[in-house]
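Take a look at the following structure, please.
Since this is a predicted model, take the numbers as computed values, not measurements. Below, chain A is the first sequence line, B the second, and so on; all start at residue 1.
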Number of protein chains: 2
Amino acid sequence: MTDTNDLMTIREMCDAFEVTPRTLRFYEAKELIFPKREGTRRLFTRRDRARLKLILRGKRFGISLENIRQLLDLYDHEGSGRSQYLRSYRLGQERLTEMESQRAELDEAIRDLREELAKGAGLFARYLDEMKDKSAA
Amino acid sequence: MTDTNDLMTIREMCDAFEVTPRTLRFYEAKELIFPKREGTRRLFTRRDRARLKLILRGKRFGISLENIRQLLDLYDHEGSGRSQYLRSYRLGQERLTEMESQRAELDEAIRDLREELAKGAGLFARYLDEMKDKSAA
DNA sequence: CGTTACATTTACGTTCACGTCAATTGCTCT
DNA sequence: AGAGCAATTGACGTGAACGTAAATGTAACG
């Protein structure tokens, strides 16, 4: 039903996600994604795209690929046993609290940075005043 | 006035920030911190501690040490010229918008993860019901 | 059917952020 | 003075996450 040309080539993937072919092959080798094959060529499915999106998101937060791999099992547990899923569920819970504390830290960092920039803006204002005085003289 | 034993040894620093001596020496080599010397030994100042705090915070968000080094100039521009400061000011602005968008992504990631965990909880509930049926049989 | 244009595999290279080990050096305690 | 213990420097090692080069395959085009 929702056909949208479900399969994408490696180049289409690279353009869509701004990664290199090497990266996609590397992720496949690490079992983070599982493209099908048309002969020797890779064909990436909707599932691969969903996983890749999560992978790149995780990377932005400094999560290692290995940890990301384990987290992916939470979102997408094709053919993984119940106990496997239970493990990844717990892991997901832990990761959630970590992310929440990271969010708190990020908020603090943003507040601090805003403050510093405000101070800096004050400095510039004074510099500009000095400049005006000079050009007026 | 605010004496609080301003200088700390490398061991005190390691204990306080949960890093290894190697890390502190590495950061010094990379010019992220500038401990004084008592003979050959390092003595870390209040300034070093402030910088180290920011360094570790930055690392949590996946910022590279080199980028962190440049950002530090914004918070602490000892003996750096005006144009240097202007550069780091702009850099700080850019970083702020990046952090804000990172925050948005993080919020989304947290929402998604919560949702997945909720789904998982539903699954477990059903499993538990099955277990109950079995033990009842 | 030859050449152009990608894709694949294999394997070695690279950068970052430290770890680890060895060889001093410098107190400090007895 | 000698023994012990922490700190320092220098050098090499390591794991993660790819980059890069070489050889090979294959699909399409004129």
- Does the side chain of A:Leu71 come within less than 4.5 Å of A:Ser88's, by heavy atoms? no
- Message: I'd like to compare against my own output: the B/S/- annotation of nucleotides 7-20 of chain D with a strict under-4.0 Å heavy-atom distance to protein.
- Response: SBB-------BBBB
- Task: Could you check how far CD1 of B:Ile55 sits from P of C:dC16, rounded to whole Å?
- Result: 16 Å
- Considering only NZ, NE, NH1 and NH2 on the basic side and carboxylate oxygens on the acidic side, decide whether B:Lys119 and B:Glu116 come within less than 4.0 Å.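 Salt bridge between B:Lys119 and B:Glu116, a charged N being under 4.0 Å from a carboxylate O: yes.
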- Could you check B:Met99, B:Glu100, B:Gln93 and say which one makes a side chain to side chain contact (heavy atoms under 4.5 Å, CB included) with A:Leu113?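 Considering B:Met99, B:Glu100, B:Gln93, a side chain to side chain contact (heavy atoms under 4.5 Å, CB included) with A:Leu113 is found only for B:Met99.
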- Task: For B:Arg69 and C:dA17, give me the distance from atom CZ to atom P, rounded to whole Å.
- Result: 12 Å
- Side chains of A:Glu98 and A:Gln102: is there a donor and an acceptor less than 3.5 Å apart?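 A:Gln102 and A:Glu98 do not have a side-chain donor-acceptor pair below 3.5 Å.
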- Query: Does A:Glu12 come within less than 4.0 Å of A:Arg42, counting only side-chain N to carboxylate O?
  - Reply: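 Result for this pair is no, no salt bridge flagged.
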